[in-house]
Amino acid sequence: ELAAFVAYYLLATLGNFKYQLYTQLFLLPSLLSYQTLKILVLSGAQFFITIYAFVRWYYESYVIRPGHISHRSGVFFKKERTVPLDKSAALTVSSGPLGKLLHYGSVRVENSNYNSLVLADISRPEKQLRILQNFADPQSRHFGEEPEVFDLISESEHERLEFKATLRFDERNGGINKDLEKATMKTIAAFMNSNGGHLIIGVGDLPRLSSGEANGREVIGLENDYQTLNRKDSDGFENHFTQIFNRMIGPEFRGLIRLRFQSVDDRDVCVIQVLASSRPIYLRSEGEEHFYVRTGNVTTPLKLSEVESYSVSRFPRRSAGLRV
């Protein structure tokens, strides 16, 4: 509209040139008066500007998905720009005095590679910022504030807490034991079928008063597990854990667990937070499926007949849907 106003102002300085141009138009002088034509041209320009502004707004969008955000725009020539969106992305909100009054502003997304994208002049930018934060770290939508690992270690095992000395290293024979990996997945599946919980790997399941202890419980650490992996660090540990989890439980449920590594008594331990699932979780092993729940501080398998009755009470919506 500003450009159109400037153009009209410039034309107005031409004086009689506009009228002379009007008189030379074929048939128009006999059909429309000069003033009528001028009103039609100005109205048409205003109408075109309004429609163009609406169509440009209609075709402009920000598409947010886990891992990236895309800006799509353009009326005649479509354009799309994508910027990675992860936990390393810096998200900032800016808003002027008028924007604060009318609740609009801009959100700037800038990742570690210095790629940036600005969501300009959007309504309720603080709300959109929270949405972006959730997509940058999807697990933050579900996982609450984590308790301190020392507080967890000081507790006894219960329905929502269990300790395991290692993930796969067998201290008795000094080698890899696949049954230990299965035992870890049993516990995780049981947590998911119950009320969720924490599994801490690298800490003895029995309290001991010896060297390398934290509040009376022996800290084994993950070093022995690290040595059994191709990549001998926490990243290698998490990658291997994810492979086992995907194979025995399923990658579609990986978003229900979160791993974090902390140093206790100068030794790494892995704290696994497990969320309760909204549908039954089966553990696949040796061509068979098994169902586990937590009963007190014990992981308990259920028989097929018990699984059906348990699912009716634990997953009522899903059970009702199956009956229909």
Side-chain angles (χ1 to χ4, degrees), residues 63-69 85-87 127-128 130-147 152 155 157-164 167 181-201 238-260 270-324:
V63 181
I64 307 170
R65 295 188 178 92
H68 67 270
I69 176 173
L85 182 64
D86 54 30
K87 289 186 287 187
K127 180 180 179 180
Q128 313 308 326
R130 289 193 293 271
I131 295 174
L132 287 169
Q133 289 171 336
N134 287 337
F135 275 88
D137 185 7
Q139 291 181 333
S140 65
R141 289 176 286 179
H142 311 289
F143 294 95
E145 184 177 351
E146 276 280 77
L152 291 172
E155 298 183 37
E157 289 186 333
H158 51 75
E159 183 183 5
R160 303 191 64 193
L161 178 64
E162 184 164 322
F163 301 95
K164 291 193 178 297
L167 173 66
E181 296 178 342
K182 183 178 178 180
T184 296
M185 294 302 142
K186 285 181 182 179
T187 301
I188 292 175
F191 280 148
M192 297 170 78
N193 283 324
S194 303
N195 298 312
H198 287 86
L199 172 63
I200 302 181
I201 302 178
E238 183 166 0
N239 289 338
H240 183 75
F241 174 91
T242 299
Q243 291 175 10
I244 303 171
F245 181 92
N246 292 348
R247 184 175 70 250
M248 301 188 72
I249 295 179
E252 65 271 27
F253 302 110
R254 182 61 176 82
L256 293 176
I257 63 173
R258 178 169 64 180
L259 278 67
R260 63 186 175 108
C270 179
V271 181
I272 305 174
Q273 185 179 5
V274 185
L275 298 181
S277 174
S278 60
R279 55 185 174 136
I281 302 295
Y282 291 89
L283 184 75
R284 297 187 293 270
S285 176
E286 299 176 355
E288 297 182 352
E289 291 186 338
H290 307 273
F291 191 89
Y292 296 93
V293 297
R294 291 290 287 184
T295 53
N297 62 350
V298 178
T299 296
T300 305
L302 296 186
K303 299 177 182 178
L304 183 61
S305 59
E306 296 172 327
V307 171
E308 183 178 357
S309 59
Y310 180 83
S311 296
V312 170
S313 59
R314 172 64 178 81
F315 312 102
R317 292 183 180 179
R318 181 174 177 83
S319 300
L322 290 176
R323 287 198 296 271
V324 173

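What you see is a predicted model, and the numbers here were worked out from it, not measured in a lab. Computation of the quantities below employed the complete heavy-atom set of this structure, encompassing side-chain atoms and omitting hydrogens, waters and symmetry-equivalent molecules.
- Minimum interatomic distance between S277 and I281 (heavy atoms only, all atoms of both residues): OG-CD1, 3.5 Å.
- Listed here is the closest heavy atom pair of H290 and S285: NE2-O, 4.1 Å.
- For the residue pair L256 and A276, the shortest heavy atom distance occurs at CD2-O, 4.4 Å.
- Although no hydrogens or angles enter the test, the distance criterion places no donor-acceptor pair under 3.5 Å between the side chain of S194 and the main chain of F191.
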Would you list the atom pairs, donor with acceptor, under 3.5 Å between side chains in residues 240-250 and any protein atom, with sequence neighbours excluded?
unit_1: H240; atom_1: NE2; unit_2: R168; atom_2: NE; d: 3.1
unit_1: H240; atom_1: NE2; unit_2: E181; atom_2: OE2; d: 2.8
unit_1: T242; atom_1: OG1; unit_2: E238; atom_2: O; d: 2.9
unit_1: T242; atom_1: OG1; unit_2: R254; atom_2: NE; d: 3.3
unit_1: T242; atom_1: OG1; unit_2: R254; atom_2: NH2; d: 3.4
unit_1: N246; atom_1: ND2; unit_2: T242; atom_2: O; d: 3.4

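- Legend: residues meeting salt bridge (charged side-chain N to carboxylate O under 4.0 Å, His left out) with R260, ordered by chain and number and at least two apart, are E146.
- Residues M192 and L275 are not in side-chain contact: their nearest non-hydrogen atoms beyond the backbone lie 4.5 Å or more apart.
- Contact detail for V274 and I188: the closest heavy-atom pair is CG1-O, 3.9 Å.
- Contact check for E252 versus R279: side-chain heavy atoms found under the 4.5 Å cut-off.
- Side-chain polar atoms of T184 and K164 form no donor-acceptor pair below 3.5 angstrom.
- Between the side chains of N297 and E159, no donor-acceptor pair of N or O atoms lies under 3.5 Å.
- Between the R258 side chain and the Q273 main chain, no donor and acceptor come within less than 3.5 Å of each other.
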